Peer 1: 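Below you will find the structure I want to go over with you.
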Amino acid sequence: MIKSLLFQCLFFIYMNKQTIKDIDIKGKRVFIRVDFNVPIKNGVIEDDTRIKGALPTVEYAVEQGAKVILASHLGRPLKDRKKAEEKGLPYDESKYSLKIVAENLSEKLGKEVKFASDCIGEEVKQIVASLNDGDVVLLENLRLHAGEEKNDEDFSRQLSELADVYVNDAFGTAHRAHASTAGITKFVQPAVAGLLMEKELNFLGKALHNPERPFVAILGGAKVSDKIPVIKSLIERKVDKLLIGGAMAYTFFKANGMTVGKSLVEDEMMPTALEIVKQADEAGVQLLLPTDHQVVDSYDPLNSRKTIPIEFTNTGLVGLDIGVETAATFAHALEGAKTIIWNGPMGMFEEKPFDEGTIAIAEAVADATGKGATSIVGGGDSVAAVNQAGLDDKISHISTGGGATLEFLAGDELPGVAALNDK
Ligand code: AMP
């Protein structure tokens with residue numbers, strides 16, 4: 001009951017935020033916090049979903065004649081450097097530069113995107129001062145400064161000196177109270193949502209507040225511990241069906257006394273798994289777990305691959321993906337759904353052929369969407385599966401947030417949204 005009231009409050013708070021369209025930005029220096037934290041391998045951007053996601057806001061700001069200042073993080077450079085130093089390994093800072101993103105964005109916008117080699121300081125101030133209306137500059141990785149993740153006041157103030165208006169379009173980092181997502185709003189007003197942020201809040205807000213039913217949630221990935229709050233919240237929101245795949249299912253099986261071999265399990269989460277099963281049962285939520293899986297033995301991984309019923313798992317086997325029977329059962333459970341939320345892969349998605357189960361679920365979600373469901377897919381691996389299968393235009397909303405989506409669904413306040421002005 002209390003949780004339900006909390007959801008109502010959060011829903012109205014989130015739906016009531018000012019957006020970039022509510023304010024005058026012509027000729028103003030508009031600082032847009034974007035999420036350009038894209039995967040880059042050997043100098044190539046592997047997935048540009050997040051850059052594409054920011055385009056509507058950036059294009060709108062350009063059309064309105066704003067001086068557009070874009071800021072983002074990329075990876076965790078300082079943490080990685082510390083780790084490398086501790087282990088005596090080489091550290092290459094160039095891997096954390098957003099320069100390559102500026103080039104990519106420039107192609108997408110069809111106009112020059114200037115690049116500033118830092119995000120604070122004199123050089124940046126000069127570049128910003130030289131911007132004409134409609135010009136765009138991307139600042140270097142915010143997380144090259146320790147002040148960003150510490151939400152440091154002085155760093156926030158230095159960022160704020162570049163801006164007349166603050167826009168947060170980085171839903172993916174809205175669950176973090178960092179300098180560029182929260183601290184800066186103390187020094188720059190107005191502080192409003194970007195169009196991607198607005199879209200994310202609308203889709204997720206509606207799904208939680210007033211979902212059209214049947215409402216089906218699919219959760220996967222490695223750890224139950226990461227997803228407990230969201231599982232509990234979905235049960236409290238009385239999702240009609242909850243489908244659990246991926247390694248997290250093994251904790252449920254082991255808690256039930258089944259043999260899971262060498263599959264990934266969080267032993268300390270077994271009591272919680274049993275509690276979740278009981279809660280789902282009491283709430284009338286249909287909880288579906290895999291019935292078969294793809295296993296290997298640890299000696300000859302690929303050659304030993306086979307699909308077996310879960311209960312045939314012996315101690316030498318490792319489960320790495322759901323089996324075809326489970327994929328079919330999950331697909332069947334999605335038939336007739338009106339709202340679908342999916343977060344987390346069904347198996348060790350990065351290693352072919354253990355992406356098959358996840359791709360099958362992507363196809364089933366796309367299929368259900370074609371038949372009238374509103375589908376929301378979040379989390380890096382599930383989004384990658386949808387993109388890999390070429391199904392991105394068959395999903396109602398691909399969320400750019402992984403952790404942020406989960407925290408939203410769990411009913412937690414997102415500091416990056418809370419900091420924005422109400423209408
Ligand atoms: P998460 O961050 O919790 O969403 O987990 C994503 C990770 O779970 C991915 O890296 C997958 O490879 C991994 N994963 C999912 N299922 C399995 C499995 N059965 N065995 C090992 N890893 C898995």
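Note that the numbering runs from 1 along the sequence shown for the chain. Read the numbers this way: they start at 1 and go in the same order the structure lists the ligands and their atoms. In this text the structure is predicted, and so the values were computed from the model without any measurement.
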Peer 1: Looking at atom 2 (O) of ligand 1, tell me if a protein heavy atom falls under 4.0 Å from it.
Peer 2: no
Peer 1: Any idea which atoms of ligand 1 are less than 4.0 Å away from a heavy-atom of Lys227?
Peer 2: 1 (P), 3 (O), 4 (O)
Peer 1: Within ligand 1, which atoms have a heavy atom of Leu320 less than 4.0 Å away?
Peer 2: 19 (N), 20 (N)
Peer 1: Show which atoms of ligand 1 fall inside a sub-4.0 Å distance from at least one heavy-atom site of Asp381.
Peer 2: 6 (C), 9 (C)
Peer 1: Between Thr251 and Glu266, is the side-chain hydrogen bond (donor to acceptor under 3.5 Å, both in side chains) condition met? List the steps.
Peer 2: CA-CA 6 Å; Thr251 302; Glu266 287 173 284; 4.6 Å; no
Peer 1: Provide, to 0.1 Å, the distance between atom 5 (O) of ligand 1 and the closest protein heavy atom, together with that atom's residue and name.
Peer 2: Ala222 N, 3.0 Å
Peer 1: Could you tell me whether a side-chain N or O of Thr369 sits under 3.5 Å from a main-chain N or O of Ser396, the two making a donor and an acceptor?
Peer 2: no
Peer 1: Kindly say whether the aromatic ring centers of Tyr91 and Tyr96 come within a distance under 6.0 Å.
Peer 2: yes
Peer 1: State the CD-CG distance between Glu407 and Leu414, to the nearest 0.5 angstrom.
Peer 2: 7.0 Å
Peer 1: Starting from the C-alpha separation in whole Å, work towards a yes-or-no answer on ring pair (Phe, Tyr, Trp, His ring centres under 6.0 Å) for Tyr250 and His293.
Peer 2: CA-CA 11 Å; Tyr250 296 111; His293 60 167; 5.5 Å; yes
Peer 1: Just by distance, do the side chain of Asp292 and the backbone of Ile310 share a donor-acceptor pair under 3.5 Å?
Peer 2: no
Peer 1: Looking just at side-chain N and O atoms, do Thr400 and Glu200 make a donor-acceptor pair shorter than 3.5 Å?
Peer 2: yes
Peer 1: Identify the protein heavy atom lying closest to atom 18 (C) of ligand 1, giving its residue, its atom name and the separation to 0.1 Å.
Peer 2: Ala247 CB, 3.5 Å
Peer 1: Give, for atom OG of Ser160 and atom NZ of Lys186, the distance between the pair rounded to the nearest 0.5 Å.
Peer 2: 11.0 Å
Peer 1: When only distance counts, is Glu350 in polar contact with ligand 1, meaning an N/O pair under 3.5 Å?
Peer 2: yes
Peer 1: Considering Gly347, Pro345, Ser225 one by one, which has a heavy atom nearer to atom 14 (N) of ligand 1 than any of the others?
Peer 2: Gly347
Peer 1: Within 45 degrees of the ring normal and closer than 6.0 Å to the centroid, is that where the cationic atom of Lys21 sits relative to Tyr60?
Peer 2: yes
Peer 1: Tell me the protein heavy atom at minimum distance from atom 21 (C) of ligand 1, and give that distance in Å.
Peer 2: Leu264 CD1, 3.8 Å
Peer 1: Check ligand 1 against Gly319 and write out every atom of the ligand that is under 4.0 Å from a heavy-atom position of the residue.
Peer 2: 18 (C), 19 (N), 20 (N)
Peer 1: Considering both backbone and side-chain atoms of Gly221, is one of its nitrogen or oxygen atoms within less than 3.5 Å of a nitrogen or oxygen in ligand 1?
Peer 2: no
Peer 1: Which atoms from ligand 1 have a heavy atom of Gly246 less than 4.0 Å away?
Peer 2: 16 (N)
Peer 1: Is ligand 1 under 4.0 Å from a heavy atom in the side chain of Glu351, in the backbone, in both, or in neither?
Peer 2: neither
Peer 1: Taking heavy atoms and a distance under 4.0 Å, where does Met248 meet ligand 1: side chain, backbone, both or neither?
Peer 2: neither
Peer 1: Which bit of Asn343 gets closer than 4.0 Å to ligand 1, counting heavy atoms only: side chain, backbone, both or neither?
Peer 2: neither
Peer 1: Under 3.5 Å, side chain of Ser375 to main-chain N/O of Val365, donor-acceptor pair present?
Peer 2: no
Peer 1: Taking 4.0 angstrom as the limit and counting only heavy atoms of Lys223, give me the atoms of ligand 1 inside it, by number and element.
Peer 2: 3 (O)
